[in-house]
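One structure is given below, encoded as structure tokens.
We name chains A, B, ... by the order of the sequence lines, and we start the count at 1 in each one. No experiment lies behind these values; they were computed from the predicted model shown.
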Amino acid sequence: MIQPERIKSLNDIAAKNGAYVLYWMQQSQRASANPALELAISEANQRRLPVVVCFGLMADYPEANARHYTFMLQGLRDVDQQLRKRGIAFVVKLGRPDTVALSLSADAALLICDRGYLRHQKFWRHNVALKADCAVIQVEGDLVVPVELVSDKAEYAARTIRPRILRNRDEFLTDCVDGEADIPSIDIGLESDIDVADVERVIETLNVDRSVRPVRRFAGGTSEARARLETFIRNGLDGYADGRNEPSEWQCSFMSPYLHFGQISPVELALEVKDASDGQRNDKASYLEELIVRRELAANFVHFQPDYDRFDVLPSWARRTLHEHASDRREYPYTSAELERAETHDPFWNAAMREMVHTGFMHNYMRMYWGKKILEWSPTPEAAFATTLHLNNTYFLDGRDPSSYAAVAWCFGLHDRAWAERSIFGKIRFMNAAGLQRKFDMDRYITEVDKLVAAEKR
DNA sequence: ATCGGCTCGCGCAA
DNA sequence: TGCGCGAAGCCGAT
């Protein structure tokens with residue numbers, strides 16, 4: 001069952017005669033627990049038509065490199081196999097997603113798309129709705145509670161959005177059953193431009209930026225996501241509330257890269273955790289807080305603040321206090337190149353940076369410390385913001401995600417409160433190495449990162 | 001080990 | 001209009 005609040009018509013055109021119902025896949029890169037796909041199947045079955053799923057693969061997706069493409073293509077290979085088993089054609093065309101969707105919409109009775117909150121994702125959908133000559137229907141499948149239902153404005157903090165989300169949460173935590181397409185489309189005669197399973201050839205063809213290498217630590221795809229989730233529920237959920245912050249343990253689900261590419265449904269994830277036999281009540285609550293309240297606060301942020309990647313998006317008290325301290329003396333004025341090479345005086349920070357550069361991931365607690373130090377060590381707060389976001393989007397598999405933009409801005413005061421005033425930070429929350437050492441086994445974090453980095457260089 | 005102070009502004013009660 | 005309180009903080013006092 002798909003909640004009606006997930007579904008929205010993007011134009012005023014009625015359904016027409018056509019050869020198939022088209023699902024234009026972009027954000028929700030999965031063939032299971034995908035409400036947009038399920039709506040397409042059900043609309044097609046009602047019309048006695050086949051369903052076609054298309055995907056536009058572009059060479060210059062904003063800030064993407066070989067690391068991101070490899071992970072995404074591993075996921076699309078999963079999608080291809082799963083759809084094939086169900087008799088559904090998966091048509092991958094080279095080109096901008098909206099262009100690909102529009103060209104295939106010419107023969108479609110109806111076009112169904114998923115939903116994204118970043119500026120380019122919204123623009124593509126807007127463009128398709130404007131130019132298509134068939135009905136365009138959008139289905140939200142990557143948040144638990146649809147963003148407009150929660151709030152009509154940028155929320156100030158977790159505490160203001162939490163009650164709004166929790167009011168609606170359980171109504172949207174329902175299974176999405178994978179249905180059967182009555183009429184196969186596999187032999188309909190639509191061919192892909194390229195075989196997504198041949199990752200190396202795709203990267204070659206698209207001439208993707210290879211300066212950032214793929215990682216061994218994470219393989220993309222829905223089946224990999226589900227296997228990791230099962231491992232987390234079995235081994236990591238019990239004690240999660242207390243253990244999740246210990247950097248040397250990585251007691252986390254590692255779902256953020258998979259959620260970023262839509263390879264797993266947050267609803268499925270939440271239901272699995274909620275109904276798990278492992279884990280205490282507070283461990284589950286803590287995980288659901290991260291997955292739903294904080295992740296959807298980030299979605300609220302990028303949706304209502306189109307300047308989510310600019311310093312000026314910060315709340316006025318944060319901008320004011322940072323400007324008042326913009327000319328404070330910097331004790332460690334590192335260049336962004338020195339930071340990128342992990343060449344600072346701080347061994348904890350260097351370890352975090354190495355985890356990021358070599359493995360595409362960083363422990364969540366260290367992400368906060370990492371960003372705070374870039375603020376402390378950069379010539380201006382604006383430069384620090386730009387450097388943090390650039391490194392974030394270049395190296396993280398889950399970079400360029402709403403959660404990334406919110407997390408970076410959090411380091412500069414977003415969704416936070418003022419604290420005791422001090423040099424450089426002003427009233428922005430401060431973090432230091434002494435705090436890390438007081439609370440955590442930081443020597444072990446460094447040793448563990450060394451092992452991870454060695455495994456990548458194998 | 002634990003606690004209060006630091007500081008801003010939202011949301012609710014009145 | 002007043003008041004309670006919050007996403008991870010630090011620091012000094014007890």
Discussion item. Both distances below 3.5 Å, Watson-Crick or wobble geometry, any strand: find the nucleotide opposite B:dA1.
Written reply: C:dT14
Practice prompt. Take atom P in B:dC3 and the same atom in C:dC5, then report the distance between them in whole Å.
Written response: 16 Å
Worksheet item: How far, in whole Å, is C:dG4 from B:dG4 if one measures between their P atoms?
Response: 15 Å
Fill in: Any-strand Watson-Crick or G-U partner of C:dA7, both distances under 3.5 Å
none
Worksheet item: What nucleotide, of B:dC6, C:dA7, B:dT7, holds the atom closest to the side chain of A:R162?
Response: C:dA7
Practice prompt. Indicate, with yes or no, if the rings of A:F254 and A:F218 have centres closer together than 6.0 Å.
Written response: yes
Item to complete: Would you classify A:M368 as touching base, sugar-phosphate or nothing, given that sugar-phosphate means primed atoms plus P, OP1 and OP2, and contacts are heavy atoms under 4.0 Å?
Response: base
Discussion item. Base, sugar-phosphate or nothing for A:W419? Non-hydrogen atoms, less than 4.0 Å.
Written reply: base
Worksheet item: Out of B:dC6, C:dC10, C:dA7, which has the shortest distance to the side chain of A:F430?
Response: C:dC10
Item to complete: Return no unless some side-chain N or O of A:K153 is found under 4.0 Å from OP1 or OP2 of B:dG11.
Response: yes
Worksheet item: Using a cut-off of 4.0 Å on non-hydrogen atoms, how would the nucleic acid contact of A:R438 be classed: base, sugar-phosphate, or nothing?
Response: sugar-phosphate
Fill in: Pairwise P distance for C:dG9 and B:dG9, with rounding to whole Å
23 Å
Worksheet item: Does A:N432 place a side-chain N or O at less than 4.0 Å from the phosphate oxygens OP1/OP2 of C:dC10?
Response: yes
Worksheet entry | C:dT1 and B:dT7, which share atom name P, separated by this distance in whole Å | 25 Å
Worksheet entry | Proximal nucleotide (of C:dA7, C:dA8, B:dG11) relative to the A:E155 side chain | B:dG11
Worksheet item: With rounding to whole Å, what would you report as the distance between C:dA8 and B:dG11 at their C1' atoms?
Response: 23 Å
Worksheet item: How about A:Y308 and A:Y117: are their ring centroids closer than 6.0 Å?
Response: no
